[in-house]
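Take a look at the structure below.
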Amino acid sequence: MDVVNLLGPFDLIITDILMPDCDGFDLIRGLRNEKPDMRVMAISGGKSFGNKSFAERAIEAGAHVALPKPFTYAELMAGLKKAMNEDR
């Protein structure tokens, strides 16, 4: 996936894991390869993929934060703060 052409001068990408035309894990890995400084937050309503939770797999793929849906406004804000302050 050519993520470089999709991205402008953004500070943070928030991506779902389960999308109709794209795998969120592949997107995260592509971002890590093409834009290593890009901050990434993953969200998903899925509980697990194989023997790992979506959150574990998203972090392994390179996301700074992974939030399960549904999440509260406070959880979203805490996740955003963490994603913007965490080194990768």
Query - Val65 side chain near Leu67 side chain, heavy-atom distance below 4.5 Å - result: yes
**Report entry** Value rounded to 0.5 Å, distance of CZ in Arg32 from CG in Asp37
**Finding:** 8.0 Å
Query raised in the report: Could you go step by step and tell me if Leu76 and Met41 meet the side-chain contact (heavy atoms from CB on, under 4.5 Å) rule?
Result: CA-CA 10 Å; Leu76 174 62; Met41 176 185 287; 4.0 Å; yes
Report summary line: NZ (Lys82) and CD (Glu75) are apart, to the nearest 0.5 Å, by 13.0 Å
**Report entry** Minimum heavy-atom distance between Phe25 and Ala58, given as atom pair plus value
**Finding:** CE2-N, 3.5 Å
Requested in this report: Without swapping roles, check the side chain of Glu34 against the backbone of Leu31 for a donor-acceptor pair under 3.5 Å.
Outcome: no
In a table with atom names and distances, give each donor-acceptor pair under 3.5 Å that connects a side chain of residues 10-19 to protein atoms at least two apart or in another chain.
{"residue": "Asp16", "atom": "OD2", "partner": "Lys69", "partner atom": "NZ", "Å": "2.8"}

Query raised in the report: What heavy-atom pair brings Phe54 and Ile43 nearest, and what distance separates the two atoms?
Result: CE1-C, 4.0 Å
**Report entry** Over all atoms of both residues, closest heavy-atom pair of Ile28 and Ala42
**Finding:** CD1-CB, 4.0 Å
